[in-house]
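Input: a single structure, listed below in structure tokens.
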Amino acid sequence: MEEEKGQKIISRKLLSAYNKELSQKFQLDDNSITKMLLFFHRVGNLLYFDKGVLRETIILDVQWFVNAFKCIIRKHENKATTDCETLRFQTTGEITDRDLTKIWEESNEGQTFFAHKKDILLYMEKIGLLAICDTLKGQLLSYYIPSMNTRKFKNRENIITKSSILCFHFKEHGQLPFNNFYFLVVKCLNLDGWSVLQEKGKNCWYENVACFTYKACNIVVCLCKFQIQLQVWMWKENAYINPELLSDIQGSVEKTLSERKDSYVIGYKCKNGKINAGEDTFFIPQTEFPVTELSCPNCRLEKKHLVDNKICWVLPELPRRR
């Protein structure tokens, strides 16, 4: 495999062919090859995912892959410009395939990037570095890079019906969970039935917020300090938000975040909680539900209330009595 470093990428089929050229006692079966590749992936020697189309491709040179992404984001980083497409990329993180191609053309490694363009982009999407889109400008292929988005989100006070706020609280040490947020935003675009919300022809994603549509409702996904927060918005007065819908959304997000294997605590804000409010990160852990006569421990005296079990999107299963 080391001999193939100059190629940057090797196919699973070619690797299997090399394996068959070995003497019988050194050959590996297909399952052992998979375990070997996944081990090398875990220790950072290569990139490999044993799922879907990516199963057939192995990236041998991790630094080369990183360089392919770095040259995209560094091309326009902190550079003053009047070019509309460059300004759009600096502001929204959206870039057309044409502009990405131009950036790689100017790179010293551009020829190798182009030779494996499809595989590189699929791996970037899998990791959560970018989303592959075809609707940003009609049918023109484009990409969304969340880490480049600098648009500010303004909380909306005119939403008629809002759900409670679901929180994924990550450990409060080290860096804020930006990578988890970027990863989730990219993956949400591929969830069945989810699509980015649009307002006046623009996609509603921002520096730390992304808005989606799903089953006639809007879902706001927000990074607030060490929390990823979600809230469902409805535009009808006293609209009924189906608990099964909330359970469905939470399940999809939990499954998505589990791919990163980072630990977090799930909980919910009380009825007075606000989304994307840096001063308000209090939440009640899901494990405390169902509750009985629990006075909200966070609200001030004049806003004290009993916590309603309805704020919980998914009630934990109680142990069965024997």
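Scope of the values below: all heavy atoms of this structure, side chains included, with no hydrogens, waters or symmetry mates.
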Task: Beyond-backbone contact of Phe49 with His41, side-chain heavy atoms, under 4.5 angstrom - done: yes

Open item on the list: Could you go through Leu246 and Ser163, starting from their C-alpha distance and side-chain angles, then the distance that decides it, and tell me whether this counts as side-chain contact (heavy atoms from CB on, under 4.5 Å)?
Closed with: CA-CA 9 Å; Leu246 299 179; Ser163 73; 4.1 Å; yes

Open item on the list: Between Thr161 and Lys236 (side chain of the first, backbone of the second, donor and acceptor by atom type, cut-off under 3.5 Å), is there such a pair?
Closed with: yes

Open item on the list: Under 6.0 Å between ring centres: does that hold for Phe170 and Phe226?
Closed with: no

TODO: Evaluate side-chain contact (heavy atoms from CB on, under 4.5 Å) for Phe168 paired with Leu184, printing each intermediate quantity in order.
DONE: CA-CA 12 Å; Phe168 293 85; Leu184 179 60; over 6 Å; no

Task: Met148 and Ile72, any side-chain heavy atoms less than 4.5 Å apart - done: no

TODO: Classify the ring geometry between Trp104 and Phe113 as parallel (under 30°), tilted (30 to 60°) or perpendicular (over 60°).
DONE: tilted

TODO: Starting at CD1 of Ile249, measure out to CD of Gln231 and round the result to the nearest 0.5 Å.
DONE: 11.0 Å

Open item on the list: Do Asn208 and Cys224 have side chains that approach each other closer than 4.5 Å (heavy atoms only, starting at C-beta)?
Closed with: no

Task: Flag, side chain of Gln27 to backbone of Lys20, donor-acceptor distance under 3.5 Å - done: yes

Open item on the list: Show the nearest heavy-atom pair for residues Phe65 and Ile120, with the distance to one decimal.
Closed with: CE1-O, 3.6 Å

- [ ] Say whether, by atom type as modelled, one donor and one acceptor occur between the side chain of Ser107 and the main chain of Ala68 under 3.5 angstrom.
- [x] no

TODO: Ignoring hydrogens and angles, state whether a donor on the side chain of Asp97 or Tyr143 is under 3.5 Å from an acceptor on the partner side chain.
DONE: yes

Open item on the list: For a quick test of reading the model, state the closest non-hydrogen atom pair linking Asn309 to Phe289 and the distance between them.
Closed with: OD1-CD2, 3.4 Å

Open item on the list: Determine whether a donor-acceptor pair (N or O, by modelled atom type, separation under 3.5 Å) exists between the side chain of Asn149 and the backbone of Gly93.
Closed with: no

TODO: Answer with yes or no whether the hydrophobic clustering places Leu129 together with Leu121; edges join I, L, V, M, F, W, Y residues whose side-chain heavy atoms lie under 4.5 Å apart.
DONE: yes

Task: Pairing of Lys255 and Asp192 as salt bridge, 4.0 angstrom limit - done: no

- [ ] Verify, without hydrogens or angle tests, whether Thr57 (side chain) and Asp119 (backbone) share a donor-acceptor contact under 3.5 angstrom.
- [x] no

Task: Pairwise distance NZ(Lys271) to CG(Leu306) - rounded to 0.5 angstrom - done: 8.5 Å

Task: Least distance between heavy atoms, Cys299 atom then His305 atom - done: SG-NE2, 3.5 Å

Task: CD/Glu302: more than 12 non-hydrogen atoms of other groups inside 6.0 Å - done: yes

Task: Closest contact, heavy atoms only, Tyr268 versus Leu166 - done: CE2-CD1, 3.5 Å

Task: Expected output: side-chain Lys304 to main-chain Cys296 donor-acceptor under 3.5 Å - done: yes

Open item on the list: Could you tell me if Asp248 and Tyr214 have a donor-acceptor pair between their side chains, going purely by distance under 3.5 Å?
Closed with: yes

Task: Under 3.5 Å donor-acceptor, Lys269 side chain and Asp280 backbone - done: yes

Task: Any donor-acceptor pair under 3.5 Å from Gln227 side chain to Thr281 backbone - done: yes

Open item on the list: Main chain of Thr112, side chain of Lys117: is a donor-acceptor contact present, judged purely on distance under 3.5 Å?
Closed with: no

Task: Residue pair Phe69 / Ile145, side-chain heavy-atom distance below 4.5 Å - done: yes

- [ ] With the side chain counted from C-beta on, respond yes when Cys217 and Ile219 share a heavy-atom pair under 4.5 Å apart, and no when they do not.
- [x] yes

TODO: Treating Ile, Leu, Val, Met, Phe, Trp and Tyr as nodes and any side-chain heavy-atom pair under 4.5 angstrom as an edge, say whether Ile266 and Phe181 lie in one connected cluster.
DONE: yes

TODO: Inspect the surroundings of CZ in Phe39 and state if more than 12 heavy atoms from other residues, nucleotides or ligands are less than 6.0 Å away.
DONE: no

- [ ] Side-chain contact test, heavy atoms from C-beta onward, threshold under 4.5 Å: evaluate it for Leu197 versus Trp233 and give yes or no.
- [x] no

Task: N/O donor-acceptor pair under 3.5 Å between Ser247 side chain and Pro243 backbone - done: no

Task: Glu94/Lys202 salt bridge by N-O under 4.0 Å criterion - done: no

Task: Gln198-Asn203 side chain donor-acceptor pair, cut-off 3.5 Å - done: yes

Task: Atom of Tyr182, atom of Pro146 and distance for their closest heavy-atom approach - done: CD2-CB, 3.4 Å

Task: Test: Asp308 and Lys310 ion pair at under 4.0 Å - done: no

Open item on the list: Any non-hydrogen side-chain atom of Pro177 less than 4.5 Å from a side-chain atom of Leu223?
Closed with: yes

Open item on the list: With side chain to side chain contact (heavy atoms under 4.5 Å, CB included) as the test, pick out the partner of Leu46 among Leu37, Ile59, Ile9.
Closed with: Leu37

Open item on the list: Side chains of Trp205 and Thr92: any donor to acceptor distance under 3.5 Å?
Closed with: no

TODO: May I have the step-by-step check of side-chain contact (heavy atoms from CB on, under 4.5 Å) for Tyr123 and His116, ending in yes or no?
DONE: CA-CA 11 Å; Tyr123 262 86; His116 304 288; over 6 Å; no

Open item on the list: Looking at every non-hydrogen atom in both residues, tell me the closest pair between Gln229 and Cys167 and how far apart they are.
Closed with: CG-SG, 4.3 Å

Task: From Asp262 atom CG to Asn180 atom CG, the distance as rounded to the nearest 0.5 Å - done: 4.5 Å

- [ ] Answer whether the closest heavy-atom distance between the side chains of Gln111 and Glu105 falls below 4.5 Å.
- [x] no

Task: Of Asp29, Asp30, Thr34, the residue whose pairing with Ser32 passes side chain to side chain donor-acceptor pair (under 3.5 Å) - done: Asp29

